[in-house]
Amino acid sequence: MSTKQPLILALGTNHHRHANMQQAQALLSVLLGDVVFSSSRLTTPIGMHSADFLNCLAMGVTLLSLPALQMRLKAIETQCGNTREKRAAHCIEMDIDVLEYGGERLHEADWQRSYVAELLTELHSK
């Protein structure tokens with residue numbers, strides 16, 4: 001029997017930012033049910049030349065295994081318009097990373113970003 005795993009997700013987009021963020025949040029609400037989103041922040045791109053990113057965090061729980069969750073998140077990215085060709089051109093319609101799953105931190109470098117710490121504090125106060 002599966003148990004609910006707490007999770008924290010990071011969402012980011014640098015193209016059709018507000019529309020893609022709204023779509024991704026709606027799809028995540030369907031996938032996860034009870035999910036809380038932070039506010040969104042514009043951030044400077046890291047490691048690429050592109051438009052600024054719109055970022056937010058999401059906190060919730062899932063019965064999905066980590067690989068199954070990651071597969072569903074990739075499907076949401078695709079629904080938002082992601083393609084390999086667009087990503088190669090630094091056009092990120094939606095990127096969703098699992099920052100924490102079941103108490104285990106992933107994407108350690110992301111935890112060092114100031115906006116992640118700020119948005120995490122905001123999430124925990126909701």
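All figures in this text were calculated on a predicted structure; none of them were measured in a lab.
Residue L27 is found in a hydrophobic cluster whose other members, listed by chain and number, are L7, L9, L11, M21, L28, L31, L32, V35, F37, L42, L54, L64, L66, L69, L73, I76, M94, I96, V98, Y101, L106; membership requires side-chain heavy atoms under 4.5 Å apart, directly or through intermediates.
Taking 4.5 Å as the limit, every side-chain heavy atom of L119 sits out of range of all side-chain heavy atoms of T121. In this structure the side chain of Q25 reaches within 4.5 angstrom of the side chain of C56, judged on heavy atoms.
Applying the salt bridge (charged side-chain N to carboxylate O under 4.0 Å, His left out) test to every pair with at least one member in residues 5-23, sequence neighbours left out, gives no pairs at all. Pairs passing the salt bridge (charged side-chain N to carboxylate O under 4.0 Å, His left out) check and including a residue from residues 19-41, sequence neighbours excluded, read R41-E118. Counting only residues at least two apart or on different chains, the salt bridge (charged side-chain N to carboxylate O under 4.0 Å, His left out) pairs with a member in residues 76-85 are K74-E77, E77-R87.
Both V36 and L57 belong to a single network of hydrophobic side chains, linked directly or stepwise wherever heavy atoms of I, L, V, M, F, W or Y lie under 4.5 Å apart.
For E100, there are no side chain to side chain donor-acceptor pair (under 3.5 Å) partners two or more places apart in sequence or in a different chain. D52 is linked by a salt bridge (Lys or Arg N to Asp or Glu O under 4.0 Å) to nothing, counting only residues two or more places apart in sequence or in another chain. R72 meets the salt bridge (Lys or Arg N to Asp or Glu O under 4.0 Å) test with no other residue; sequence neighbours excluded. Under the rule for a salt bridge (Lys or Arg N to Asp or Glu O under 4.0 Å), the partners of R105 that lie at least two apart in sequence or sit in another chain are E108. In this structure K4 satisfies the side chain to side chain donor-acceptor pair (under 3.5 Å) test with no other residue, sequence neighbours excluded. For the side chain to side chain donor-acceptor pair (under 3.5 Å) test, no residue two or more places apart in sequence or in another chain qualifies with S65. Checked against side chain to side chain donor-acceptor pair (under 3.5 Å), R113 has the following partners two or more places apart in sequence or in another chain: D110. Annotation: salt bridge (Lys or Arg N to Asp or Glu O under 4.0 Å) contacts of E104 (sequence neighbours excluded): none.
Under a 3.5 Å cut-off, the side chain of W111 and the backbone N or O of L99 do form a donor-acceptor pair. When atom types are taken as modelled, the side chain of N20 and the backbone of E93 share a donor-acceptor pair closer than 3.5 angstrom. The main-chain N or O of A10 is never found under 3.5 Å from a side-chain atom of N55 such that the two would form a donor-acceptor pair.
Scanning both residues, G102 and Q5, for their nearest heavy atoms gives CA-OE1, 3.1 Å.
Looking only at atom types and distance, the side chain of E122 has a donor-acceptor partner in the side chain of S39 under 3.5 Å away.
The distance from atom OH of Y115 to atom OG1 of T43, rounded to the nearest 0.5 Å, is 5.0 Å. Here D95 contributes atom CG and T13 contributes atom OG1; the two are 9.5 Å apart, rounded to the nearest 0.5 Å.
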